[in-house]
Number of protein chains: 2
Amino acid sequence: MKQLKDTSTEEKILEAAKEVFMKYGLYGARMQDIADTAGINKALLHYYFRNKEKMFDKVFEGALQKYFTQMDVFGDTTLPIKERIFRYIDNIVNFLSEYPQMTMFIIKEISINPEMFKEKVQPLKKGRGVRFIQALEEEISTGKIKKVDSVMFMINLHSLCTYPFIGAPLFKHALKANGKDYEKDFSTEKLKQSAKNFVELTLGK
Amino acid sequence: MKQLKDTSTEEKILEAAKEVFMKYGLYGARMQDIADTAGINKALLHYYFRNKEKMFDKVFEGALQKYFTQMDVFGDTTLPIKERIFRYIDNIVNFLSEYPQMTMFIIKEISINPEMFKEKVQPLKKGRGVRFIQALEEEISTGKIKKVDSVMFMINLHSLCTYPFIGAPLFKHALKANGKDYEKDFSTEKLKQSAKNFVELTLGK
DNA sequence: GTCTATATAGGGATAGAC
DNA sequence: GTCTATCCCTATATAGAC
C-alpha cells in the first residue's frame with residue numbers, strides 16, 4: 001500500500017499546484033483552478049496546505065531545489081573544467097526539456113518578490129559559483145584555455161542552454177509559419193551539441 | 001498645448017498599465033495597482049479603456065509592435081547577411097536594455113493565451129523570417145559562409161541576445177554573492193561584442 | 001474629465017455534515 | 001479525509017455628483 005503514496009491526494013494537489021503556479025504565478029493563480037486540475041474539492045487544498053501562500057512556498061521551494069541541483073556539477077572538483085561544463089549542459093538541457101517553464105517561473109517570482117532570493121536561493125548555492133569562476137580564471141591564466149571574459153562566458157553558456165526552452169512558444173509558431181517544423185528542426189541533442197561547440201570554439205579544444 | 005498630450009491622463013494610464021501588466025501578467029495585475037502607479041483614480045481607468053481586457057490589449061499590442069520592429073532589419077535585402085545580423089544584435093540589445101521584461105511578458109501571455117499569436121503576432125511578421133533563412137541557406141550552399149544548421153543558428157543568436165536580460169535577476173544576485181559586481185562585469189557593449197564574436201566564429205569572418 | 005460611493009462578481013478561507 | 005454551504009474580503013465595474 002505504501003507505494004500508492006505517489007498518487008495520494010497531497011501529491012495530486014502538489015502536481016496541480018505546480019502546473020497552475022508555473023503558468024500564472026502566485027497572484028495570477030486561482031485556487032479553484034488548482035482544485036479542478038487536481039480533480040478534487042477546493043476545501044481540500046486548505047486541509048492539506050492551510051492557505052495559498054504556504055502551498056506556493058512548497059511548490060516554489062521544490063522548483064528551486066530541482067533547478068539548482070542541475071548546477072551542482074560545477075562544484076565537482078574531481079572533474080576537469082570542460083567536463084564540468086559539458087555535464088552541466090547535459091543536465092540542464094535534459095531537465096528543461098522536462099520542465100520548460102521552470103526558468104521563467106523562478107525568475108518571475110524572484111523579480112516580483114526579491115526577498116525570496118536571500119531566503120531560499122542563497123542557501124542552495126553556497127559559493128559554488130565563485131569557486132568555479134576562480135577555477136576558470138586560473139586555467140585561463142595558465143594558458144590551458146583561451147582568454148575569455150569569464151562572467152560573459154558563463155552568461156552566454158546559460159543563455160544557449162536556457163533560452164531555447166523559454167522562447168519555444170515563439171520559435172514554434174515562427175518556424176511553422178515559415179514551413180519548417182519545430183519538432184524536426186529542433187532537438188535536445190542538437191542543442192547540447194551546439195552548446196558544446198560554442199564551448200570549444202570559445203575556450204579551445 | 002498639443003505637445004502636452006504626452007503626459008495626458010491616457011498616456012499616464014498606459015505607462016502605468018505597461019509596468020503593472022509586464023510585472024504581474026493579465027490575471028495577476030490589479031486595476032487598483034495600475035491606478036496608484038498612474039497616480040489617478042481607479043474609475044478613470046474604465047472611463048478611458050472601458051475594462052481590464054481592453055486595456056491589456058492596448059498594452060500588449062504596443063509591446064508586440066515594438067518588439068518585432070527590432071527584427072525588421074532581417075528583411076532588409078539591400079544589406080549583406082552578416083550586416084543584417086549585426087544590426088539585429090545592436091537593435092535588440094539596445095531595446096531590451098530599455099525594456100528588459102519585454103520578452104518574458106510577450107512569451108508568457110502568448111503561452112497562456114495561444115490564440116493571441118495568430119491574431120496579433122502573425123500579421124507583424126509576414127514571412128520576413130522565412131526569407132532570411134532562405135538567404136542564409138543560399139550563402140551556405142555557395143560556400144560564402146560556413147556550413148551550419150540555420151535554425152539552430154537563429155535560435156542560438158536570439159538566445160545570446162535575449163537571455164542575459166531575462167536572467168538578470170539571477171545573474172545579479174549570483175555575481176554579488178560571489179564578490180563580483182554585475183553592473184561592472186556586464187555591459188550591453190560587451191554583450192553585443194560577444195554575440196558578434198559568436199556570429200563570426202560560427203559563420204566565418 | 002475626475003472624483004466618491006456603491007453594486008456585483010470573484011476568490012480565499014472556514015464550519016460543519018458525512 | 002472529503003464534501004457542501006457559506007462567510008467575507010478583494011477586485012472589477014458602474015452610477016452619479018461635481
Side-chain angles (χ1 to χ4, degrees), chain A residues 1-63 105 108-109 112-113 115-116, chain B residues 1-63 105 108-109 112-113 115-116:
Chain A
M1 275 298 166
K2 272 256 165 96
Q3 63 269 43
L4 280 177
K5 270 267 167 91
D6 284 334
T7 49
S8 70
T9 303
E10 189 167 349
E11 279 299 319
K12 275 194 290 184
I13 293 175
L14 269 178
E15 272 309 302
K18 203 193 295 182
E19 197 181 317
V20 176
F21 279 131
M22 285 227 236
K23 192 166 173 188
Y24 295 102
L26 171 56
Y27 300 117
R30 300 286 175 255
M31 297 295 268
Q32 186 62 61
D33 193 1
I34 295 171
D36 293 347
T37 304
I40 50 100
N41 189 280
K42 198 173 57 155
L44 274 180
L45 303 180
H46 294 91
Y47 175 80
Y48 282 100
F49 297 94
R50 209 180 141 89
N51 62 37
K52 192 182 178 185
E53 319 275 320
K54 288 201 203 310
M55 196 161 72
F56 176 83
D57 278 359
K58 264 269 163 46
V59 169
F60 192 63
E61 276 161 23
F105 175 56
K108 258 278 163 223
E109 300 304 323
I112 288 176
N113 232 327
E115 322 81 83
M116 286 204 294
Chain B
M1 276 297 166
K2 272 254 166 98
Q3 63 267 45
L4 280 177
K5 271 269 169 92
D6 284 334
T7 48
S8 69
T9 302
E10 190 167 348
E11 280 299 318
K12 276 195 289 184
I13 294 175
L14 269 178
E15 271 310 301
K18 203 193 294 182
E19 196 181 317
V20 176
F21 279 131
M22 285 227 233
K23 191 166 174 187
Y24 295 102
L26 170 56
Y27 300 117
R30 299 288 173 255
M31 297 295 267
Q32 187 62 61
D33 194 1
I34 295 172
D36 293 347
T37 305
I40 51 100
N41 189 280
K42 202 175 49 160
L44 275 179
L45 302 180
H46 293 90
Y47 175 80
Y48 281 101
F49 296 95
R50 207 180 142 92
N51 63 37
K52 192 182 179 184
E53 317 276 319
K54 287 201 202 312
M55 196 161 72
F56 177 83
D57 277 358
K58 264 270 162 48
V59 168
F60 192 63
E61 276 161 22
F105 175 56
K108 259 277 163 224
E109 300 303 323
I112 287 176
N113 231 327
E115 321 82 83
M116 286 204 294

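In the text below, chain A, chain B and the rest are named by the order of the sequence lines, each starting its count at 1.
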**Student:** Mind listing the closest non-hydrogen atom pair of A:Glu109 and A:Gly25 along with its distance?
**Tutor:**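 Closest approach of A:Glu109 to A:Gly25: OE2-CA, 3.1 Å.
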
**Student:** Is it true that a side-chain atom of B:Lys52 and a backbone atom of B:Leu26 form a donor plus acceptor pair closer than 3.5 Å?
**Tutor:**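 Such a contact is found between B:Lys52 side chain and B:Leu26 backbone.
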
**Student:** I'd like to know if the side chain of B:Lys54 reaches the main chain of B:Tyr48, judged simply by a donor and an acceptor atom lying under 3.5 Å from each other, with no hydrogens or angles considered.
**Tutor:**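 Flag not set: sc B:Lys54 to bb B:Tyr48 has no pair under 3.5 Å.
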
**Student:** Under 4.0 Å from OP1 or OP2 of D:dA13: is there any side-chain N or O of B:His46 that close?
**Tutor:**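 It does, given that an N or O in the side chain of B:His46 lies less than 4.0 Å from OP1 or OP2 of D:dA13.
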
**Student:** Quick one: do B:Glu15 and B:Lys12 make a salt bridge, cutoff under 4.0 Å?
**Tutor:**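 No, no charged N to carboxylate O under 4.0 Å.
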
**Student:** Looking at DNA chain D, which of residues 31-44 of chain A put a heavy atom within less than 4.0 Å of it?
**Tutor:**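 Correct list: A:Asn41, A:Ala43, A:Leu44.
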
**Student:** When you measure from every atom of DNA chain C, which of residues 19-30 of chain A have a heavy atom less than 4.0 Å away?
**Tutor:**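 Within this stretch, A:Ala29, A:Arg30 sit under 4.0 Å of the strand.
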
**Student:** B:Tyr47 has an atom OH; how far is it from atom C1' of D:dA15, in whole Å?
**Tutor:**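 In whole Å, D:dA15 C1' and B:Tyr47 OH are 15 Å from each other.
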
**Student:** Can a donor-acceptor pair be found, under 3.5 Å and without considering hydrogens, that links the side chain of A:Asn113 to the backbone of A:Met116?
**Tutor:**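 Judged by distance alone, no pair lies under 3.5 Å.
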
**Student:** After noting the C-alpha distance and the side-chain angles of B:Phe60 and B:Phe105, does the key distance pass the ring-ring contact (aromatic ring centres under 6.0 Å, His included) rule?
**Tutor:** CA-CA 9 Å; B:Phe60 192 63; B:Phe105 175 56; 5.6 Å; yes

**Student:** Just wondering, do B:Met55 and B:Met31 contact through their side chains at under 4.5 Å, heavy atoms?
**Tutor:**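 B:Met31 reaches B:Met55 side chain to side chain.
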
**Student:** Give me the atom names and distance for the closest heavy-atom approach of B:His46 to B:Asn51.
**Tutor:**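 Result for this residue pair: CD2-CA, 4.1 Å.
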
**Student:** Which of residues 48-55 of chain A sit near DNA chain D, with a heavy atom under 4.0 Å from it?
**Tutor:**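 Listed by number, they are A:Tyr48.
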
**Student:** Please find the pair of heavy atoms, one from A:Lys23 and one from B:Ile112, that lie closest to each other, and give the distance.
**Tutor:**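 Nearest pair, atom of A:Lys23 first, then B:Ile112: O-CD1, 3.5 Å.
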
**Student:** Report yes or no: do A:Gln32 and A:Asp36 form a side-chain donor-acceptor pair below 3.5 Å?
**Tutor:**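 A:Asp36 and A:Gln32 do have a side-chain donor-acceptor pair below 3.5 Å.
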
